[in-house]
Amino acid sequence: QVQLEESGGGLVQAGGSLTLSCAASGRTVSSNTVAWFRQTPEMEHEFVAGIDWGGGWTYYTDSVKGRFGITRDNAKNTVYLQMNALKPEDTAVYYCNVAACSRNGCERSDNNPWGRGTQVTVSA
């Protein structure tokens with residue numbers, strides 16, 4: 001198992017930007033696909049963005065395409081989510097996890113535990 005710690009959330013006005021970080025510990029995730037998910041009272045762990053081990057493949061859910069960018073720094077065992085042009089509907093708790101992805105999106109893999117997440121709140 002790998003422990004994941006999300007950070008970088010906060011309160012921002014619509015149209016603003018935030019950068020989330022996902023720091024892994026316990027083992028390296030440099031060989032894993034990693035994805036960001038978000039949770040609201042209405043939806044549990046909705047897939048947002050995924051990146052393969054080398055960073056050469058990225059995939060986004062339609063609602064964030066063109067606004068969010070996922071990157072990784074394997075030397076730091078960290079994955080990032082740059083969020084631009086934020087909308088109130090992006091308000092959620094954001095989580096990262098190791099993932100298995102298809103062209104339909106990504107799901108958590110290996111039953112790896114969820115971290116505590118980081119709250120993103122976008123005001124209108």
Side-chain angles (χ1 to χ4, degrees):
Q1 292 185 340
V2 59
Q3 290 77 47
L4 299 155
E5 182 174 359
E6 302 88 353
S7 62
L11 173 63
V12 63
Q13 288 187 332
S17 299
L18 284 172
T19 301
L20 307 184
S21 297
C22 167
S25 61
R27 66 165 176 84
T28 179
V29 293
S30 61
S31 60
N32 289 96
T33 295
V34 176
W36 284 94
F37 304 84
R38 61 189 179 189
Q39 181 170 320
T40 66
E42 295 77 30
M43 186 172 292
E44 186 168 346
H45 295 123
E46 173 196 24
F47 165 70
V48 176
I51 187 167
D52 73 347
W53 68 273
W57 173 91
T58 57
Y59 190 78
Y60 302 90
T61 193
D62 286 346
S63 63
V64 308
K65 284 180 182 176
R67 301 188 298 122
F68 290 12
I70 186 171
T71 58
R72 67 190 300 161
D73 185 337
N74 286 337
K76 295 182 178 179
N77 221 21
T78 301
V79 176
Y80 305 95
L81 185 67
Q82 174 69 44
M83 306 187 296
N84 300 319
L86 281 160
K87 303 175 180 180
E89 51 263 44
D90 295 317
T91 295
V93 180
Y94 283 71
Y95 300 85
C96 62
N97 216 322
V98 292
C101 300
S102 70
R103 60 180 177 181
N104 296 321
C106 302
E107 296 181 346
R108 176 183 60 150
S109 65
D110 304 330
N111 256 348
N112 198 65
W114 294 101
R116 298 179 64 178
T118 186
Q119 175 72 48
V120 172
T121 303
V122 185
S123 62

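Position 1 is the first residue of the sequence, and the numbers go up from there.
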- Shared hydrophobic cluster, Y80 / L18 (ILVMFWY, side-chain heavy atoms < 4.5 Å): no

To the nearest 0.5 Å, atom OG1 of T121 lies from atom CG of L11 at 6.0 Å

Open item on the list: Using a 6.0 Å cut-off, check whether atom CD of Q39 has over 12 heavy atoms from anything other than its own residue.
Closed with: yes

Interatomic distance, CH2@W36 vs SG@C106, rounded to 0.5 Å, equals 13.5 Å

**Message:** Side-chain heavy atoms nearer than 4.5 Å, only ILVMFWY residues, links allowed to pass through others: does that put L20 and V2 together?
**Reply:** yes

* Count the heavy atoms of every other residue, nucleotide or ligand shown that sit under 6.0 Å from CD of E89, and state whether that count exceeds 12. => yes

>> Please check: side-chain N/O of R72 versus main-chain N/O of V29, any donor-acceptor pairing under 3.5 Å?
In response: yes

query = Is the backbone N or O of G9 less than 3.5 Å from a side-chain atom of Q119, with the two atoms forming a donor-acceptor pair by type?
reply = no

Taken to the nearest 0.5 Å, the spacing of C96 SG from I70 CD1 works out to 9.0 Å

Do the side chain of N74 and the main chain of W53 share a donor and acceptor less than 3.5 angstrom apart? yes

d(D73 CG, S30 OG) to nearest 0.5 Å is 11.0 Å

- Item | Under 3.5 Å: donor-acceptor pair, side chain of D90, backbone of K87 | yes

Mutual orientation of the aromatic rings belonging to Y59 and F47 [parallel < 30°, tilted 30-60°, perpendicular > 60°] | parallel

Task: Modelled atom types, side-chain donor and acceptor of Q82 and T19, under 3.5 Å - done: yes

### Validation row: L4, N97 side chains within 4.5 angstrom (heavy atoms)
yes

- Query: Does D52 reach the main-chain N or O of G55 with its side chain, forming a donor-acceptor pair under 3.5 Å?
  - Reply: yes

Original post:
I51, V48: one ILVMFWY side-chain cluster at the under-4.5 Å cut-off?
Top reply: yes

Shortest non-hydrogen pair, T78 vs A23, comes out as OG1-CA, 4.1 Å

Report yes or no: do R27 and N32 form a side-chain donor-acceptor pair below 3.5 Å?
yes

Closest non-hydrogen contact found for P88 with A14 is CD-CB, 4.1 Å

Within the side chain of T91, is there an N or O that forms a donor-acceptor pair under 3.5 Å with the backbone of V122? yes

**OP:** Tell me yes or no: between the side chains of E5 and S7, is some donor less than 3.5 Å from an acceptor?
**Re:** no

Residues 83-103 vs ring-ring contact (aromatic ring centres under 6.0 Å, His included), sequence neighbours excluded, gives H45-Y95, Y95-W114

A side-chain contact here means heavy atoms from C-beta on lying under 4.5 Å apart; do T61 and F68 qualify? no

Full working for side chain to side chain contact (heavy atoms under 4.5 Å, CB included) between M83 and V12: CA-CA 11 Å; M83 306 187 296; V12 63; over 6 Å; no

**Prompt:** Can you get from L86 to V64 by hopping between Ile, Leu, Val, Met, Phe, Trp and Tyr side chains that sit under 4.5 Å apart?
**Reply:** yes

Closest non-hydrogen contact found for A92 with R38 is CB-CB, 3.7 Å

